[in-house]
Every structure is written in C-alpha cells, then in structure tokens.
Enquirer: 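A single structure is presented below for examination.
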Amino acid sequence: MASSLDAHLESQCGNDPLKRQVGTTIRNLATAAVKLRNKITAGGEGLGQAKGGTNAGGDVQKELDVVADKIFMEAAEASPLAFFGSEEQDDAVLLKPDAGLAMAIDPLDGSSNIETDVTIGTIFSILPVEEEHRADPSKVFRQKGSRQLGAGFFVYGPQLLLVMSMGNGTHVFIFSPGFGGFVELNASIAIADKANEFAINASNYRHWDQPIRSYIDDLLAGSEGPRERDFNMRWVGSLVADCYRILLRGGIFLYPGDGRKNYAKGRLRLVYEANPVAFCVENAGGRATDGTTPILDIEPEGLHDRTPLVFGSGREVERVARYIADPSALAERSPLFGKRSLFRA
Ligand code: FBP
C-alpha cells in the first residue's frame, strides 16, 4: 500500500527537532489545503470576483485569494512558526516569537484562472529563523532559497496533489478521500533532461529581449530550424500546473523579464513562487534560473521581490543561459535562418 504523507514525514524528519517542526507545519498545510479544496469544489458565487483591493504586488485581490489567505494563516498560527509572509499581505506577520521557522506562501496561485475552473494552487516555502532575524525581522525573508528546509505546492485540479521536498528528492502525494488523507503517488520524481515542450506567455513576444525571442524562434522553427526537431507548447497560466506537468514529462517554463512597465524582473515572486518551485525542480534533477543565475543562489531584496524564472529540463535551461550569455553566437547564425524566422524583426 502506498505510504501516507504522515509516514513519509516521519521517515524524513527522524529525531531532528527542527525537521520535526517542518513536518508538523506541512501536515497543518495539508489539512488547510483540503479545507480550501472543499471551498473551491463547493463553488458558489463570487469566488473569482474582485474583492476591491489589491495586494502588495498590485494584483487585484479576488474573493478566493482572501479566503485562501485566511485558511493558511490559521494553519500557520497552529504551526511552530515565528513569521508568516503572504502574497496577500503587505508585511510579514509575527506569530510565535521563539519559534524556529518562518513560512512564505502564495495562498492562491493562478488567480486569473479561478472563475474559468482551470487548475489553481498554493505554493509554500519554509525557512529557518536565526537570532539575527529575531533582532531584525525584515531579514527573515531575505534568505536565499538554498536555505529552505522544506517547500512545495498543492494542485487543485481534477485531483488534489501535494508536490514537496525537504531537500532529499521531490515527492508527490495525492489526497485519497477513502483514506481521508494524502498518500504517496510518486516516491521520487525525476525530470527528464531533454525537453519536447515549452511554456511561455507568447503574447508578450514583442516585449522580450532578443535572446529570449531567438530561443523561442528556434523552438517554433522546429525541424526546419537549428533545433532540427519539433517542440510542442503549453501555457496554463497557473505556475503550479505548468510546473507539475514539467516534473512529470520534462519541458521548460519561461517567464522572462520584459519591456513592459514594472516587468523588468518578470511577473513571478522570488520568495513564495520561484524559490519553492526551484527547490522542488532542482531536487528532481532539473534546473531553475533567472535566465543565467540559479534561483536558489539569489538574495531576495524583500518578501515581494520579483524575478525572471526559467526552469525545467536541465539541458534546455542551460541552453537558454547560452542564448543570453552569448547573443553574438546567434547573430552569426541568423543570416542563414533569417528568412525562416517568422517573427524576428
Ligand atoms: P498569482 O495568480 O498567484 O498572482 O500567480 C501568478 C501567475 O498566475 C502564475 O501562476 C502564472 O504562471 C502567471 O502568473 C501567469 O501570468 P500571465 O497572466 O502573464 O500569463
């Protein structure tokens, strides 16, 4: 019989007191995710409606964003956490001052998909709290992603899934109504090194820098171009859904910085979107960068800092870095392929 989330956390945490606190926190998040999933499936008017306010990132807050934030705040209050940092709250919240952990969370990922019944999610990142953070709380969410003790995301799709890592592989659990809890679906997921699919919001093409345009041009040119094979495209508009697909069957996701106002560092947040995704992807043998620098090595400027994000099959993520690092290599190549590139100016 598949092992339960409880049994998995027991084996991952052993007698390490801090790891046991991470385990307790993930258990409470799992209970909260079931509660939120029940609200989503119950549906009802207004879940996708604007609440009238905006969050720290300037995004319109929807009813479900606020409901989700409340549900996970309650789970945080029941957990050994000193600090709670949420996409839906401007500042980090002090909970239990002496506790050893802090959690950053995107309570409802994929808000633009709520009213269209498309897969959405919750993304979380668990960090240690040191004395310097108690002295200056503004530092707690400026820790690099490599310091995460646990991270993952819930997927509210046809099934309720939990994808998580505590730094020792990436594991997938499915909520089993019969069992009344999460059971293991994939003991140690591994990302294929070769990608056949890419995910990017192509409507932003004209705003991208040349290296990203050239990289996508070459994917689109497929077997008639320098890549000499065809690639498929997917874009769900929910980071959790695009990430889970890539964990399962490889591929690459890009949300680059671009020329739009306030998009120089892209759209996604480093602390509670890119860092937990990168932690799960890298622990599954994939790569995650801002185009060139590993996401987990980037020092956040603050809780709501943004970052360009490129993740997935290692060889493809490295190829993007080469396009960015050496655009001249592309220029040399372009005359030959110029006429083939539909979009390149
Ligand atoms: P939030 O919904 O939590 O703000 O997440 C951002 C997000 O919806 C990601 O899930 C997704 O990958 C991206 O933005 C979609 O961006 P766009 O609407 O520009 O395609």
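Note that ligands are numbered from 1 as they come in the structure, with each ligand's atoms numbered from 1 the same way. Scope of the values below: all heavy atoms of this structure, side chains included, with no hydrogens, waters or symmetry mates.
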Enquirer: Taking atom types as modelled, find out whether Asn196 and Arg229 have a side-chain donor-acceptor pair closer than 3.5 angstrom.
Expert: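 Indeed, the side chains of Asn196 and Arg229 share at least one donor-acceptor pair under 3.5 Å.
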Enquirer: Just jot down the salt bridge (charged side-chain N to carboxylate O under 4.0 Å, His left out) partners of Glu131, sequence neighbours excluded, or say none.
Expert: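 Residues passing salt bridge (charged side-chain N to carboxylate O under 4.0 Å, His left out) with Glu131: Arg134.
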Enquirer: I'd like to know if the side chain of Asn283 pairs up with that of Thr170 as donor and acceptor (distance under 3.5 Å, no hydrogens or angles considered).
Expert: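 Their side chains do not contain a donor-acceptor pair, so the 3.5 Å distance test is not met.
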Enquirer: Could you list each nitrogen or oxygen of ligand 1 that sits under 3.5 Å from a protein nitrogen or oxygen, with the atom names and the distance?
Expert:
| from | atom 1 | to | atom 2 | distance (Å) |
| --- | --- | --- | --- | --- |
| ligand 1 | 2 (O) | Gly110 | N | 2.9 |
| ligand 1 | 2 (O) | Ser111 | N | 2.8 |
| ligand 1 | 2 (O) | Ser111 | OG | 3.2 |
| ligand 1 | 3 (O) | Glu87 | OE1 | 3.2 |
| ligand 1 | 3 (O) | Asp106 | OD1 | 3.4 |
| ligand 1 | 3 (O) | Asp106 | OD2 | 2.8 |
| ligand 1 | 3 (O) | Leu108 | O | 3.3 |
| ligand 1 | 3 (O) | Glu273 | OE2 | 3.4 |
| ligand 1 | 4 (O) | Glu87 | OE2 | 3.2 |
| ligand 1 | 5 (O) | Asp109 | OD1 | 3.2 |
| ligand 1 | 5 (O) | Glu273 | OE2 | 3.2 |
| ligand 1 | 8 (O) | Gly237 | O | 3.4 |
| ligand 1 | 10 (O) | Asp109 | OD1 | 2.6 |
| ligand 1 | 10 (O) | Asp109 | OD2 | 3.4 |
| ligand 1 | 10 (O) | Leu239 | N | 2.8 |
| ligand 1 | 12 (O) | Leu239 | N | 3.4 |
| ligand 1 | 14 (O) | Arg267 | NE | 2.8 |
| ligand 1 | 19 (O) | Tyr255 | OH | 2.7 |
| ligand 1 | 20 (O) | Asn201 | ND2 | 2.8 |
| ligand 1 | 20 (O) | Trp235 | NE1 | 3.1 |

Enquirer: Can a donor-acceptor pair be found between the side chains of Asp69 and Gln89 at a distance below 3.5 Å?
Expert: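 There is such a pair between these side chains.
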Enquirer: Test: salt bridge (Lys or Arg N to Asp or Glu O under 4.0 Å). Region: residues 288-300. Which pairs qualify, not counting sequence neighbours?
Expert: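 Listed once each, the pairs would be none.
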Enquirer: I'd like to check the salt bridge (charged side-chain N to carboxylate O under 4.0 Å, His left out) partners of Asp242; sequence neighbours left out, ordered by chain and number.
Expert: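 Expected list: Arg245.
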